[in-house]
Amino acid sequence: MMPTGLPGQMAFCLYFAIFGVVLGLFYDLLRAFRMHFRLKRLGIGLLDGLFCLTALFGFLLMMLRHTDGRLRGYLVIGLALG
């Protein structure tokens with residue numbers, strides 16, 4: 001269940017802030033890889049797809065963990081619209 005107390009909500013926000021930092025570092029790593037090997041359009045598209053799938057998978061796993069395994073439909077719709 002989503003934590004309702006202030007400390008629980010702050011921890012929830014901190015987890016997702018850290019997740020955002022990790023995603024940013026992962027993107028920079030992929031960008032450095034892309035620049036080093038001078039990938040063409042197909043390689044860039046594959047790396048961008050890898051990043052998007054990794055971000056989606058990580059976000060959904062974190063949401064499942066923090067909502068006691070209940071994935072709400074609006075989360076998937078929000079991700080698709082984003």
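Because only heavy atoms are used, hydrogens play no part in the values below, and waters and symmetry mates are left out as well, while side chains stay in.
Hydrophobic clustering of Ile, Leu, Val, Met, Phe, Trp and Tyr side chains at less than 4.5 Å, counting indirect connections, unites Phe51 with Phe16. Cluster annotation: Tyr15 is connected to Leu23 through the hydrophobic network of ILVMFWY side chains, with a link wherever side-chain heavy atoms come within less than 4.5 Å. Note on Met10: it does not cluster hydrophobically with Phe19, by side-chain heavy-atom contacts below 4.5 Å among ILVMFWY residues. Cluster annotation: Val22 is not connected to Leu60 through the hydrophobic network of ILVMFWY side chains, with a link wherever side-chain heavy atoms come within less than 4.5 Å. Transitive grouping of hydrophobic side chains (ILVMFWY, heavy atoms separated by less than 4.5 Å) keeps Phe33 and Leu46 in distinct clusters.
Contact detail for Ile44 and Leu39: the closest heavy-atom pair is CD1-O, 3.7 Å.
Rounding to the nearest 0.5 Å gives a distance of 7.5 Å between OG1 of Thr54 and CG of Leu30. To the nearest 0.5 Å, atom CG of residue Leu61 and atom CG of residue Leu56 are 9.5 Å apart.
Legend: residues meeting salt bridge (charged side-chain N to carboxylate O under 4.0 Å, His left out) with Arg34, ordered by chain and number and at least two apart, are Asp48.
Looking at Ile18 and Leu14, their side chains come closer than 4.5 Å, going by heavy atoms from C-beta outward.
Residue-environment remark: CE (Met62) exceeds the threshold of 12 foreign heavy atoms within 6.0 Å.
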